[in-house]
Each structure stands twice: as structure tokens, then as C-alpha cells.
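Because only heavy atoms are used, hydrogens play no part in the values below, and waters and symmetry mates are left out as well, while side chains stay in. Numbers here simply count residues along the sequence, with the first being 1.
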Amino acid sequence: MNQIQVEGGRPLNGDLVVQGAKNSVLPILAATILSGGVCQIQHCPALRDVDSAIRILQYLGCRAHREGDELTVDTAGLSRCDIPEDMMREMRSSVIFLGAILARLGRAEMSYPGGCELGPRPIDFHLAALRTLGTDIDESTGVLRCSAAELRGGEILLSLPSVGATENTMLAACGAEGTTVIHNAAREPEIVDLQNFLQKMGASVHGAGSSTVVIQGKRPLHGCCHRVIADRIAAATYLCAGAAAGGEICLRQVDYRHLSTVTTALSQAGCRVRSTSEEITLQSDGHLRGITPVRTSPYPGFPTDAQALLMAALLKSQGTTVFVENIFESRYRHVAELQRMGADIRIEGRVAVVCGVSSLHGAMVQASDLRGGAALVVAGLQTGGTTLVGHIQHIQRGYSDFVENLARLGAHITATNT
Ligand code: EPU
């Protein structure tokens with residue numbers, strides 16, 4: 001299947017269990033390397049990016065076996081420290097294997113990672129932190145050749161609270177002698193999930209969720225069993241879909257605290273949102289209004305990953321909404337496609353201004369990245385016709401059963417072949 005066909009104009013009703021978080025499970029899969037034993041990862045979503053991570057583990061000599069939503073990984077047999085370029089290019093998270101392999105073997109060799117095209121995505125913070133921990137990194141051949149006779153703890157100050165650099169440093173620091181302190185660490189729930197996983201393996205890691213994470217390295221680690229948290233961006237996607245299409249949906253097994261900026265925005269737009277500790281219910285009549293400016297920022301601010309989705313939900317809103325994308329330089333590639341469907345959006349630099357229109361029409365559009373692709377589907381739910389979304393491999397990287405879930409809620413949507 002390589003395209004998604006959506007017929008707009010259907011409300012969404014019903015409930016859904018939200019998938020495990022992509023951005024939790026990927027660093028956790030890298031972290032299994034530290035255990036040198038068997039880890040059971042529950043609530044593991046079936047995603048292309050997870051398949052890519054499994055391929056990397058297998059290449060390195062580890063074993064992985066999936067049964068339903070449980071993935072068992074045995075990293076006892078890890079025998080290589082290099083990752084081939086084609087595997088590195090498949091996703092951004094491949095770079096998190098660097099900290100884990102270094103901690104376990106003291107050397108690693110890989111190229112720069114791939115991932116969604118959102119503007120420049122350097123890894124200078126990752127490399128600076130690993131150098132502080134005593135890693136020698138040779139970048140002269142376009143490949144990262146890293147070695148550390150002995151990693152030692154250190155003080156790391158991140159100039160931005162980078163999610164990936166925080167994760168990579170946490171993993172390398174588990175293999176470093178002494179104490180590592182990460183200042184200005186990212187505070188995302190996925191960092192807390194990684195800390196919980198590391199603690200279950202026997203690591204001493206504290207402070208995740210705050211700006212300072214402290215790791216005491218060189219503890220003996222072992223396998224463990226862990227359930228991955230719910231995917232707050234997948235949850236945001238279904239909430240935006242429900243808000244735009246109208247109806248009443250209930251998302252189960254999701255932590256509402258992780259979504260407060262998104263649910264606040266949707267409430268302001270006119271939706272009725274009720275949350276209990278593990279559920280969010282959203283009611284919408286499909287007639288939304290423009291809201292106060294949405295500025296993306298690191299957690300606990302409004303997530304950049306939900307920017308395109310909320311924008312798609314507000315295309316037919318009454319009034320105007322301003323978006324300011326502060327995390328990535330080029331994260332408006334969905335806008336040109338939304339304009340093909342009749343959206344009125346103007347972009348200037350990091351700012352996008354959405355003026356609600358009375359109707360949208362179906363069109364042939366193309367996903368250019370994961371969240372932008374899902375946003376095209378959210379837009380398609382509101383048109384008076386048929387939308388064909390191409391290049392859906394981007395969407396499959398991060399959503400499991402996306403089409404099936406929306407169909408179950410009542411959308412007229414199918415995955416088809418051209
Ligand atoms: N940055 C640097 N140098 C670095 C690292 C980051 O300049 O060494 C900059 C980036 O260019 C960006 C900012 O710092 O402007 C934040 O990047 P961050 O490192 O936090 O992002 P990431 O780790 O590459 C993760 C998620 C993204 C999500 C961002 C921000 C994973 C696998 N990816 O990326 O998720 O947008 O954090 O929250 O966790 C997605 O799921 O669709 C996705 C893109």
C-alpha cells in the first residue's frame with residue numbers, strides 16, 4: 001500500500017487505545033545494549049522505525065523476537081561496533097546507538113543519521129557531550145570513528161535542551177566511571193521513560209523530567225521488563241482528527257498531563273475535553289474557532305511534533321491562528337500540500353498564519369515527513385471530496401494501524417495502491 005484515500009465529511013466516534021510511544025521505544029531499544037541480557041519491551045508499537053532499530057540490533061549481533069506488542073531483545077551476543085550507512089540513514093534515532101555501543105564496547109563506528117527533513121539537524125551537542133566523557137571522535141572521513149579507552153563522568157551543559165543529545169549522553173554515561181551531570185537536559189516524558197527503563201536495568205539515573213539529570217556510571221546492569229508509555233503525539237493526532245471531523249472520541253491508556261498544551265489549544269478552539277488519569281475524551285461539533293498564537297517549544301511547551309496536526313485541524317476554523325515554529329527551521333513543508341486542498345495559509349520565516357476557510361476540497365497530495373503526512377489526513381477528513389495522500393512511508397514510520405484506527409472511528413479511509 002502506498003497511498004491513503006480519505007473521503008471527507010464523516011464525524012469520528014468511539015474509543016481507541018493509544019499506541020506505545022515511538023520516541024520512547026527507539027532510545028529504549030538502543031539502551032537494551034547496555035544490559036547484555038534479555039529485555040522485554042511491552043506496548044511496543046509496530047512501526048517502520050522500530051523495524052529499523054531491530055535491524056540495527058540484529059546486525060550488531062543481538063537477537064529480537066516479537067510476539068504481539070511485546071518485543072524480546074537479547075543483547076548478550078553483541079559482537080560488532082559499527083552500523084552500515086543505509087541503516088543509519090533510515091531514521092534519526094539511529095544515532096542514539098552511538099552512546100549505547102560506546103558504553104558497552106568502548107568504540108563505535110557509524111555515519112551521520114537520517115530522519116525527517118525538518119531543516120538542518122546537526123548532532124554537534126551529542127558529539128560534544130561524548131567528547132566530554134572521554135570519547136575520541138574522528139570525523140575526518142565523513143564517518144564517525146569513536147573510541148574511548150575509558151569513559152569518565154563529566155559535567156555536560158547542553159546549549160539547547162536537545163532530546164536526542166540528552167538520551168545519547170544518558171546512555172554513554174551509564175558506562176562511564178564516576179558521576180555525569182547533564183545541565184539543561186530535555187524534559188520530555190520520553191526522557192523519563194528512558195530513565196525508568198535504565199533504573200529497571202540497575203542503572204543509577206535520576207532527575208529526568210527536570211533540567212538536571214545525574215548518572216552514576218559503571219553499575220552492573222541486567223535485563224528487565226518494561227512497558228513503554230503511550231505516544232502523546234499519536235494521541236494528539238487523533239484528538240486533532242476528532243476536533244476537525246466532529247463527533248466524540250475517547251483515547252484510553254494515555255497520560256493527559258503529557259498533552260495539556262494540545263488539549264488546552266483544542267478547548268480554546270471550541271472542543272469539550274475531559275480528562276481522567278488514563279483517558280481523554282474529546283467532543284467537537286466540527287465548527288472550530290481560531291486561537292491565540294501557538295508557539296512550539298521544548299517540553300512542557302507546545303510540541304513541534306503537533307504543530308502540523310493542530311494547523312490541519314484549524315483550516316476551517318472561524319478566524320485566524322498564528323503558528324510560530326521555534327524548534328526546527330523548516331517544518332512547514334505540509335503547508336504547500338494543505339494549500340492544494342484550499343487552505344489559506346501564509347508563511348514568513350518561522351511564522352505561519354492560518355485564516356479559516358469555509359470549505360476545503362479533496363486533492364492529490366504528498367507526505368513529506370511523518371507529522372506533516374498525518375496532518376494531510378487530518379485535513380482530508382474535513383474536505384467535501386476525496387483526498388489521496390501519497391508517500392505514506394513517512395506516516396508508517398511513526399503510526400501503527402493509523403488507517404485502521406481512523407476507519408474504526410468512522411472515517412471513510414483506506415490504504416490503496418497506485
Ligand atoms: N540540535 C542541534 N544540535 C544537536 C542536536 C539538536 O543544533 O546536536 C537542534 C536541532 O537542530 C533542533 C533542536 O536542537 O533545532 C531540537 O532537536 P532535538 O535534538 O531535541 O530533536 P531530536 O532528538 O532530533 C526528537 C524527536 C523529534 C522531535 C524533537 C523535538 C525522536 C526520535 N525524535 O528529535 O520527533 O520533533 O525531538 O521534540 O525522539 C517526530 O517524532 O516526528 C520527530 C521529529
Side-chain angles (χ1 to χ4, degrees), residues 4 6 8 10-25 45-49 116 118 188-190 229-256 258-266 269 271 273 275 279-282 284 286 288 294 296 302-315 323 331 333-334 337-338 365 367-382 387 389 392-411 413 415:
I4 293 175
V6 198
R10 294 269 161 172
L12 300 186
N13 287 290
D15 57 344
L16 211 63
V17 174
V18 176
Q19 69 182 59
K22 167 180 86 76
N23 292 347
S24 267
V25 76
L47 307 172
R48 281 173 84 113
D49 276 9
C116 284
L118 312 173
E188 270 70 359
E190 293 78 19
I229 59 169
D231 194 312
R232 63 195 165 95
I233 306 302
T237 306
Y238 294 115
L239 291 174
C240 289
E248 179 169 335
I249 60 168
C250 175
L251 302 185
R252 299 199 191 284
Q253 295 179 27
V254 59
D255 190 330
Y256 75 94
H258 298 166
L259 282 141
S260 60
T261 49
V262 175
T263 51
T264 301
L266 291 173
C271 302
V273 185
S275 304
E279 274 180 21
I280 302 176
T281 303
L282 178 136
S284 165
L288 304 183
V294 179
T296 66
F302 189 91
T304 172
D305 293 345
Q307 173 255 109
L309 301 157
L310 182 62
M311 184 182 289
L314 293 173
L315 295 177
F323 286 82
R331 208 168 191 179
R333 292 177 70 191
H334 48 282
E337 302 301 297
L338 294 173
V365 290
S368 57
D369 64 272
L370 166 57
R371 310 301 172 187
L376 300 180
V377 174
V378 171
L381 295 170
Q382 310 163 61
T387 298
V389 181
I392 63 169
Q393 71 275 11
H394 293 292
I395 299 176
Q396 291 161 339
R397 288 188 43 211
Y399 292 93
S400 74
D401 297 328
F402 188 49
V403 167
E404 293 79 357
N405 284 338
L406 287 169
R408 217 147 46 76
L409 294 173
I413 182 168

Smallest separation among heavy atoms of [X] and [Y], with atom names:
X	Y	answer
V389	G373	CG1-O, 4.5 Å
L381	A411	CD2-CB, 3.7 Å
L309	A375	CD2-N, 3.7 Å
A313	V378	N-CG1, 4.1 Å
S284	C271	CB-SG, 4.0 Å
C240	L266	N-CD1, 4.3 Å

Seminar exercise, completed: With sequence neighbours left out, the residues meeting salt bridge (Lys or Arg N to Asp or Glu O under 4.0 Å) with D401 are none

For this session: Using the test salt bridge (Lys or Arg N to Asp or Glu O under 4.0 Å), find all partners of E337 that sit at least two apart in sequence or belong to another chain.
Result: R340

Problem set entry | Trace of the side-chain hydrogen bond (donor to acceptor under 3.5 Å, both in side chains) decision for Y256 with T263 | CA-CA 8 Å; Y256 75 94; T263 51; over 6 Å; no

Roughly how far, to the nearest 0.5 Å, is the [atom2] atom of [Y] from the [atom1] atom of [X]?
X	Y	atom1	atom2	value
L12	N405	CG	CG	11.0 Å
T281	L251	OG1	CG	8.0 Å
I4	I395	CD1	CD1	4.0 Å
R397	R48	CZ	CZ	9.0 Å
R331	S368	CZ	OG	10.0 Å
L259	I280	CG	CD1	4.5 Å

For this session: Tell me, please, which residues at least two apart from F323 pass ring-ring contact (aromatic ring centres under 6.0 Å, His included).
Result: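 ring-ring contact (aromatic ring centres under 6.0 Å, His included) list for F323, sorted by chain: empty.
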
For this session: Determine, stepwise, if the pair D49 / L370 fulfils side chain to side chain contact (heavy atoms under 4.5 Å, CB included).
Result: CA-CA 11 Å; D49 276 9; L370 166 57; 5.7 Å; no

Would you mind reporting whether [Y] and [X] have side-chain heavy atoms less than 4.5 Å apart?
X	Y	answer
P45	D231	no
R371	Y399	yes
Q19	L47	yes
V294	L310	yes
D255	P189	no
L376	L338	yes
V18	Q253	no
L16	I249	no

Problem set entry | Aromatic ring pairing Y238/F402, orientation class (parallel under 30°, perpendicular over 60°, tilted between) |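 Because their plane-to-plane angle lies in the 30° to 60° range, the rings of Y238 and F402 count as tilted.
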
Exercise. Among H258, R232, K22, which residue meets the side-chain hydrogen bond (donor to acceptor under 3.5 Å, both in side chains) test with E190?
Worked result: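 Output: one option passes, namely R232.
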
